[in-house]
Amino acid sequence: MTLIEKTLESELLGIVKELYPGFDMSGKLFVQKTGDAKFGDYQTNFAMVSAKALGRNPVEMAKEIAAKYIRSGTVERAEVAGPGFVNLFLSDKFLGEYVKSANTRAYDFTFIPRRGDVLVDYSSPNIAKRMHIGHLRSTVIGDAIKRIYKFLGYKVIGDNHLGDWGTQFGKLIVGYRKWLNRADYEKSPIGELERIYVEFERRTEAEPELAEEARQELKKLQDGDTENTRLWKEFVDMSLTEYGKIYRRMNVSFDTFHGESFYHGRMPGIVKTLLDKGIAQISEDAVVVFFEEAEHLPPCIIRKQDGAFLYATSDLACIQYRREHYEINRIIYVTDDRQIDHFRQVFRISERMGLNEPKVHVPFGFMKFADGMFSTRKGNVILLDDLLDEAVKRARAVIEEKNPGLPEDEKDLVAEKVGIGAVKYADLSKNRVSVVIFDWDKMLSFDGNTAPYLMYTYARIRSMIRKAEDAGKNLRDDASILFEDALERALAVRVTQFPVAVMKAAEAYSPNLIADYLFDLCQSYNSFYNALPVLKEKDELLYSRLLLSEQVSRVIKTGLDLLGVETVERM
RNA sequence: GCGCUUGUAGCUCAGCUGGAUAGAGCAACGGCCUUCUAAGCCGUGGGCCACAGGUUCGAUUCCUGUCAGGCGCACCA
């Protein structure tokens with residue numbers, strides 16, 4: 001179905017064309033929601049934006065435009081306000097019908113240029129390390145961005161760019177040969193590998209020759225040494241098995257797992273190209289790209305003195321690979337903001353190489369404790385599984401208190417969804433590009449703008465609809481949505497705002513805009529729910545409110561799904 | 001030193017490509033369950049939107065500068 005803004009804009013376009021023939025209104029003509037119901041439901045700033053170019057008074061223009069709305073079926077009345085706003089009050093009939101058909105037909109997003117593939121890089125854990133809460137944000141935000149772009153009709157590929165080729169493998173191979181505890185390794189493979197890694201870091205201070213040994217093992221691995229390759233493969237496979245469990249638990253999925261190793265074969269070619277084209281040069285035996293002073297970027301090392309490749313090399317190879325295998329619409333990288341410079345470097349270099357596809361880095365603030373950084377090396381991490389367990393445990397306790405009558409197995413299921421939803425939403429509802437101080441109580445809050453609040457609103461509606469069905473009052477196709485109370489109307493207007501909220505979230509790569517929208521919708525619904533009875537009303541009003549409730553529940557479910565948060569029918 | 005980033009209520013944060021008296025949640029206080037799930041709703045108090053200039057009909061939003069925090073700055077990812 002056509003977005004309400006599009007309907008209103010095309011109507012406005014007709015009016016404006018008639019009033020100001022020949023005027024170039026590109027980029028000036030748009031309709032947006034209002035901040036307050038007294039300013040109508042939607043508004044346009046066209047008069048204010050165009051007055052200067054037309055040499056007119058904006059208020060007079062606004063009056064001319066408003067006057068043309070007299071016989072519109074969509075707009076009941078148009079008012080001029082302030083310095084030249086035209087405030088549009090939708091007709092109840094149009095609004096009711098729009099809300100009634102919302103969600104039953106797919107929204108029409110064909111006006112968005114959606115050609116090609118959107119590639120999203122996210123999660124990207126380092127092999128042989130258990131996932132901890134530092135991996136949460138990239139995983140959850142990346143997954144949501146993927147879902148949001150899919151919803152808009154893009155073809156999306158989610159790629160887990162695994163850290164499966166870094167320096168840690170040299171250290172792991174050395175440690176594996178020297179200190180591995182076989183029994184522990186069989187019991188908890190990644191746990192033991194982590195221990196070895198920490199051991200390596202601990203000993204390096206006293207035995208600096210270990211570092212050199214690790215460098216050599218890494219080089220051997222990168223040159224294809226059989227034994228080192230076998231070990232490497234073992235580490236990767238075991239890690240992926242563990243990650244698979246946690247991704248399933250979090251309802252996160254990927255289309256490809258092309259880690260850094262996947263691009264290894266391309267890296268010499270990348271280096272050669274960069275040198276041949278004069279983009280890179282040899283400096284202190286390394287291959288380095290330097291930037292212009294105005295770019296304010298530090299030199300970027302493409303190949304180390306010892307011949308090994310780096311993160312930047314694999315990212316360039318990755319872009320090249322994608323160019324050959326996809327029709328790239330854009331590439332989206334979701335990582336913490338410490339990598340901003342890295343991606344600026346990679347993007348600049350790739351452009352000089354002629355790899356000009358749009359690329360965007362979506363940075364977020366990394367998470368730390370009040371007293372310092374997480375570090376596998378130091379051992380002060382909170383494992384992702386432990387965080388989820390704690391969340392589920394707390395959710396279980398609340399269910400026990402609020403809804404003890406639920407069957408035990410359903411309590412478990414609901415606790416899992418509520419707990420995990422709360423954790424994911426805690427990250428998705430924020431837009432902060434600054435450090436996040438980890439705090440159990442904030443991460444696992446169930447009040448206010450949280451997943452449990454939204455899920456609760458959904459469950460309430462479902463419960464009401466079940467009760468209606470039990471009473472023989474099923475939803476009716478021929479019901480109309482009536483606006484007897486301002487609360488109903490405010491709620492209906494919010495339902496119409498959903499698709500644009502999704503578009504804005506996509507444009508800004510900010511899932512929190514959907515979270516904000518859903519929270520607002522749910523607050524509006526709960527006010528309605530609290531003030532206006534549904535099942536006690538006479539039929540016409542009962543079916544109207546039931547249908548409105550149903551439509552709200554669908555938006556909540558769809559919206560939460562875009563955030564990767566599941567709903568439950570009761571809680 | 002250079003660069004990036006952040007600064008909004010006591011705390012945690014929204015604020016939609018510049019829009020009308022700046023919004024939530026938590027915390028505090030006062031109400032609402034014989035009525036559809038009180039994980040809820042209604043109300044009260046709480047703000048020179050870090051500071052100073054500039055652009056604009058209009059600035060929390062854009063530009064410049066200052067101050068403060070965080071992060072990055074050749075062979076980690």
Side-chain angles (χ1 to χ4, degrees), chain A residues 27 30 32-36 38-39 43 45 48 51-52 58-59 81-85 87 124 126 163 165-168 260 283-288 290 293 295-306 308 310-312 314-315 335-342 344 363 365-366 368 395 398-399 401-403 418 429-435 437 439 441-442 445-450 452-453 455-457 459-468 471 497 500-501 504-505 507-508 510 512-513 515-517 519-520 523 526-531 533-536 545-546 549 570-571:
Chain A
F30 58 95
Q32 61 187 350
K33 69 176 187 180
T34 55
D36 191 317
K38 74 181 177 205
F39 298 133
Q43 66 180 192
N45 304 331
M48 287 179 287
K52 189 165 270 183
V59 175
F85 293 103
N87 294 332
S124 308
N126 285 325
W165 204 248
T167 26
Q168 79 262 37
E260 294 170 325
S283 171
E284 295 173 31
D285 293 329
V287 177
V288 184
F290 293 94
E293 192 147 345
E295 292 179 299
H296 294 297
L297 284 171
C300 180
I301 306 219
I302 299 298
R303 194 180 68 194
K304 303 204 286 189
Q305 284 177 344
D306 65 7
L310 292 111
Y311 189 31
S314 86
D315 269 339
T335 79
D336 76 59
D337 63 351
R338 289 173 301 183
Q339 297 188 32
I340 287 177
D341 278 350
H342 162 75
R344 284 184 58 209
F366 64 95
K368 57 173 258 181
V398 175
I399 294 164
E401 183 199 333
K402 307 281 184 186
N403 203 349
V418 169
S429 60
K430 289 175 179 50
N431 191 29
R432 267 293 185 279
V433 183
S434 57
V435 175
I437 306 291
D439 181 308
D441 291 330
K442 276 170 196 141
S445 161
F446 293 172
D447 299 317
N449 187 5
T450 64
Y453 174 80
M455 294 169 77
Y456 174 75
T457 308
R460 262 182 155 179
I461 299 175
R462 302 312 303 169
S463 171
M464 189 177 78
I465 290 171
R466 278 196 305 275
K467 283 229 161 74
Q497 296 165 351
V500 165
K504 294 197 163 167
E507 282 164 16
S510 299
N512 78 295
L513 296 177
D516 285 351
Y517 165 79
F519 181 53
D520 184 52
Q523 285 191 124
N526 282 319
S527 297
F528 158 85
Y529 180 92
N530 216 265
V534 176
L535 302 180
K536 288 188 187 59
R545 289 181 177 166
L546 203 57
S549 298
R570 46 184 189 172
M571 62 189 270

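Note that these values count all heavy atoms, side chains included, but never hydrogens, waters or copies made by symmetry. Sequence lines set the chain letters: A, B, ... in the order given, protein chains first and strands last, and positions in each chain run from 1.
The same atom, C1', is picked in B/rC49 and in B/rA22; the two are 7 Å apart, to the nearest Å. Nucleotides B/rA9 and B/rG25 have their C1' atoms positioned 12 Å apart, rounded to a whole Å. Using atom C1' as the reference point in both B/rU60 and B/rG19, the two lie 12 Å apart (nearest Å). For the P atoms, the distance linking B/rC51 with B/rA59 amounts to 15 Å, nearest Å. For the C1' atoms, the distance linking B/rA68 with B/rC26 amounts to 26 Å, nearest Å. Taking atom C1' on both B/rU12 and B/rU6, the two are 15 Å apart, rounded to the nearest angstrom. Atom C1' of B/rA52 sits at a distance of 26 Å from the matching atom of B/rC71, rounded to the whole Å. For the P atoms, the distance from B/rC62 to B/rA20 is 15 Å, rounded to whole Å.
Between A/Asp516 atom CG and B/rG25 atom P there is a gap of 13 Å when expressed in whole angstrom units. The interatomic distance linking A/Leu310 (CG) with B/rA74 (P) rounds to 13 Å, in whole Å. Look at CG on A/Asp336: it is 15 Å from P on B/rU5, rounded to the nearest Å. Straight-line distance from the CZ atom of A/Phe366 to the P atom of B/rU6: 15 Å, rounded to whole Å. As a whole-Å value, the separation of A/His342 NE2 from B/rG3 C1' is 17 Å. In this structure, the CG atom of A/Asp341 is 17 Å from the P atom of B/rC76, given to the nearest Å. Following rounding to the nearest Å, A/Trp165 (CH2) and B/rC76 (C1') show an atom-to-atom distance of 17 Å.
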Base-contact (B) and sugar-phosphate-only (S) positions in nucleotides 7-13 of chain B, heavy-atom cut-off under 4.0 Å, - elsewhere: SB---SS
Contact state string [nucleotides 16-24 of chain B, B base, S sugar-phosphate only, - no protein heavy atom under 4.0 Å]: B--BBB--S
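For B/rC33, the glycosidic angle deviates from 0 by 90° or less, giving a syn base.
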Atom pairs, N/O to N/O, protein against nucleotides 31-40 of chain B, distance under 3.5 Å?
unit_1	atom_1	unit_2	atom_2	d
B/rU35	O2'	A/Lys536	NZ	2.2
B/rC36	O3'	A/Lys467	NZ	3.3
B/rC36	O2	A/Leu535	N	3.1
B/rC36	N3	A/Val534	N	3.1
B/rC36	N4	A/Tyr529	O	2.6
B/rC36	N4	A/Leu532	O	2.5
B/rU37	OP1	A/Ser463	OG	3.0
B/rU37	OP2	A/Ser463	OG	3.2
B/rU37	OP2	A/Lys467	NZ	2.6
B/rU37	O2'	A/Tyr456	OH	2.4
B/rU37	O2'	A/Arg460	NE	3.0
B/rU37	N3	A/Met571	O	2.9
B/rU37	O4	A/Met571	N	2.9
B/rA38	OP2	A/Arg460	NH2	2.4
B/rA39	OP2	A/Lys402	NZ	2.7
B/rG40	O2'	A/Arg460	NH1	2.8
B/rG40	O2'	A/Arg460	NH2	3.4

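For A/Ala508, the side chain to side chain contact (heavy atoms under 4.5 Å, CB included) partners two or more places apart in sequence, or in a different chain, are A/Ser510, A/Leu513. Applying the side chain to side chain donor-acceptor pair (under 3.5 Å) test to A/Asp520 and every residue at least two apart in sequence or in another chain returns A/Arg494. Residues passing the side chain to side chain donor-acceptor pair (under 3.5 Å) test with A/Glu295 are A/Arg348, A/Arg352, sequence neighbours excluded. A search for side chain to side chain contact (heavy atoms under 4.5 Å, CB included) contacts involving A/Ala501 returns A/Tyr517, not counting sequence neighbours. When the side chain to side chain donor-acceptor pair (under 3.5 Å) test is applied to A/Tyr311, the partners found at least two apart in sequence or on another chain are A/Gln339. Shown here are the side chain to side chain contact (heavy atoms under 4.5 Å, CB included) partners of A/Asn403, two or more places apart in sequence or in another chain: A/Leu406. Residues that satisfy the side chain to side chain donor-acceptor pair (under 3.5 Å) test with A/Asn87, not counting sequence neighbours, are A/Gln43. Under the side chain to side chain contact (heavy atoms under 4.5 Å, CB included) criterion, A/Ser429 pairs with A/Tyr425, A/Asn449, A/Ala515, not counting sequence neighbours.
No side-chain heavy atom of A/Ser463 sits under 4.5 Å from any side-chain heavy atom of A/Arg570. Between A/Asp447 and A/Tyr453 there is no side-chain heavy-atom pair separated by less than 4.5 Å. Taking 4.5 Å as the limit, some side-chain heavy atom of A/Arg460 sits within range of a side-chain heavy atom of A/Asn526. With a 4.5 Å cut-off on side-chain heavy atoms, A/Phe528 and A/Ser549 count as touching.
Donor-acceptor pairing under 3.5 Å, judged by distance alone, is present between the side chain of A/Ser283 and the base of B/rA74.
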Pairing annotation in dot-bracket form, given for RNA chain B with Watson-Crick or G-U pairs under 3.5 Å and | for cross-strand partners: (((((((..((((.....[...)))).(((((.......))))).....(((((..]....))))))))))))....
Side chain to side chain contact (heavy atoms under 4.5 Å, CB included) assessment of A/Lys33 paired with A/Val500: CA-CA 10 Å; A/Lys33 69 176 187 180; A/Val500 165; over 6 Å; no
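Here the NE2 atom belonging to A/His342 is positioned 8.0 Å from the OG1 atom belonging to A/Thr335, to the nearest 0.5 angstrom.
A distance-only check finds a donor-acceptor pair linking the side chain of A/Arg545 to the backbone of A/Pro533 [under 3.5 Å].
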